[in-house]
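Each remark here refers to the structure printed beneath this line.
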2 protein chains.
Amino acid sequence: MTAIQGARERARREVTTAIMDEARRRLAVDGAAKLSLRAVARELGMVSSALYRYFPSRDDLLTALIVEAYDALGEAAEGALEAAPRSAPAERWVAVCAGVRAWALAHPHEFALIHGTPVPGYAAPPDTNAPGGRVPFALARVAREAVEDGLLGPVPGGPLPEPLAREAAALVAEHAPGVPAPAMAAVVASWAQLVGLVGFEVFGQFTGVIERSRAELFTHQARRLAEGAGLPPRQVPPH
Amino acid sequence: MTAIQGARERARREVTTAIMDEARRRLAVDGAAKLSLRAVARELGMVSSALYRYFPSRDDLLTALIVEAYDALGEAAEGALEAAPRSAPAERWVAVCAGVRAWALAHPHEFALIHGTPVPGYAAPPDTNAPGGRVPFALARVAREAVEDGLLGPVPGGPLPEPLAREAAALVAEHAPGVPAPAMAAVVASWAQLVGLVGFEVFGQFTGVIERSRAELFTHQARRLAEGAGLPPRQVPPH
DNA sequence: CAAAAGCAAGAGCACTGCTCTCCTTTTTGA
DNA sequence: TCAAAAAGGAGAGCAGTGCTCTTGCTTTTG
């Protein structure tokens, strides 16, 4: 009525976010695989066909939710990074890992959306690449800033085999200048292993194996991943 | 006609395995989420309702496929274990990891079935527990036999925090007598991290990051996981 | 050899993603 | 100012889904 730039555009934004809110809610009930456009529309008091004015297909709604989830997870990781003191790289690394874990446990269905089984026939569009890179970037940033501060120690595990050294060097050049290639390889692998640890918790695969000390096991392993990237523990033990 | 124990029972077995074969085939096409009983029945030249004589619901068919996949993966891991010489525990460990990876890459949809997003509203029945434990058991067996042979070195990472030490000790008592608790905790965590590494490859999350040296990265990390469990590399480097 | 059990077929229910046509409301441009 | 254009909503319809129920036929069993 009074708004600049048209009431219609504003209404469109509102309906769009209402759809995504409801979709996120239904995600937690039925899961991504059974996310139903009709159910979302019904809950919103609109007819299913009207929903196609906002999202051309079910997969496009999914894509929007995926991007949103990647961004939320990335924000959790980056937030944990900012909050940790730069002088203790290993603790920063563990903080990022813990941030990822906490977000995933609080949003299991959205975590499943981005790190569970990919929907067959659904190819993640390039829009998801940048937000999907935020967590590994946060890990790489810990390594990069440790290098800048002269806090990166030797990376255990010996020299990298040839093709891996080359690819790691390419990643270093593009995303984390100054970081040694073995540390970069460790960052990438740690990312996958971190998701593995978190996924086991979120998907309940530790049931009956580890029940009461999952947080401890996780932290313990996150610390070891940090070591693997050349980030020494708080005080170097005398050997 | 002539068979002992009835031709009917034999026919039932044949039809059951034909259904599972076709379902596995369709799994590779449409994925677990879109596995359709009707499509399976259609391909087999039967009507959909007839299929319910063999599997009371779609989820029961899924369960049968899950158990089968767990067993196949477990067999791959155990086969790799048997083939590796007992005198080199770290190499055995890496061999088990490589066996898991190879099977997963060869059967991505069946891997997704057991280590992807759990189907909402579907609780894995207890039948899946035993086959699901075969891979971690294989890893634990490497540690256990290394202990028996006096080949298990010190486990890095310092002492376990209290609740974790207790749970790890319980696992040791039940499944791997003689293995130190820190090594057992490392085994369990390695299992999750192994699945994380493999999952990233199978689900394509390394796309655009690591392309040509995934095997090298994987082996490198599997070796580090072995170290984390107290399995020393082939020759201890002089420090 | 009749009764019982097993199995296939088909119709039907309530649901899904998606398309198309109709109609109303809002925005836009001359 | 007012008609043309764009946008959105409603409903019917298509082809597909999991699953149930009834109807017959065939095999097994007592």
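Just so it is clear: chains get the letters A, B, ... in the order the sequence lines come, proteins before strands, and each one is counted from 1. Remember, predicted model here, so these are calculated numbers, not experimental data.
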Treating A:H220 as the side-chain partner and A:E216 as the backbone partner, does any N or O pair qualify as donor plus acceptor under 3.5 Å? no
In whole angstroms, how far is the P atom of D:dT27 from the CD atom of B:E9? 16 Å
So, OP1 or OP2 of C:dA8: does either fall under 4.0 Å of a side-chain N or O from B:Y54? yes
Can you measure B:D60 atom CG to D:dT20 atom P for me and round it to whole angstrom units? 11 Å
Quick check: does any side chain N or O of A:W93 sit under 3.5 Å from a backbone N or O of A:A222, one acting as donor and the other as acceptor? yes
Calculate the interatomic distance between B:L51 atom CG and C:dA9 atom P; express it in whole Å. 11 Å
Tell me: OH of B:Y52 to P of D:dT22, nearest whole Å? 17 Å
B:R25 with B:E22: basic N within carboxylate O range, under 4.0 Å: yes
Using whole Å, what does the distance between atom C1' of nucleotide D:dG9 and atom CG of A:L44 come to? 13 Å
B:S49 side chain, from C-beta outward: closest of D:dG9, D:dA10, D:dC21: D:dC21
Where do N or O atoms of nucleotides 15-17 of chain D meet protein N or O atoms at under 3.5 Å, pair by pair?
unit_1	atom_1	unit_2	atom_2	d
D:dT17	OP1	B:S36	OG	3.1
D:dT17	OP1	B:R42	NH2	3.3
D:dT17	OP2	B:R42	NH2	2.7

Taking the side chain as every heavy atom from C-beta outward, state whether B:F55 and B:L62 have any atom pair closer than 4.5 Å. no
Tell me which nucleotide among C:dG10, D:dG11, D:dG8 gets nearest to the side chain of A:R12. D:dG8
Spacing of A:R10 atom CZ relative to C:dT27 atom P, expressed in whole Å: 10 Å
Rounded interatomic separation in angstrom, taking CZ from A:R53 and P from C:dT21: 12 Å
Point-to-point distance, once rounded to the nearest 0.5 Å, from CD1 of B:I114 to CD of B:E68: 11.0 Å
I need the CE-C1' distance between A:M46 and C:dC18, as an integer number of Å. 16 Å
Heavy-atom donor-acceptor pair, B:S48 side chain to B:A41 backbone, under 3.5 Å: no
Is it the case that the ring center of B:H115 lies less than 6.0 angstrom away from the ring center of B:F111? yes
With a non-hydrogen cut-off below 4.0 angstrom, is A:S57 in contact with a base, only sugar-phosphate, or nothing? sugar-phosphate
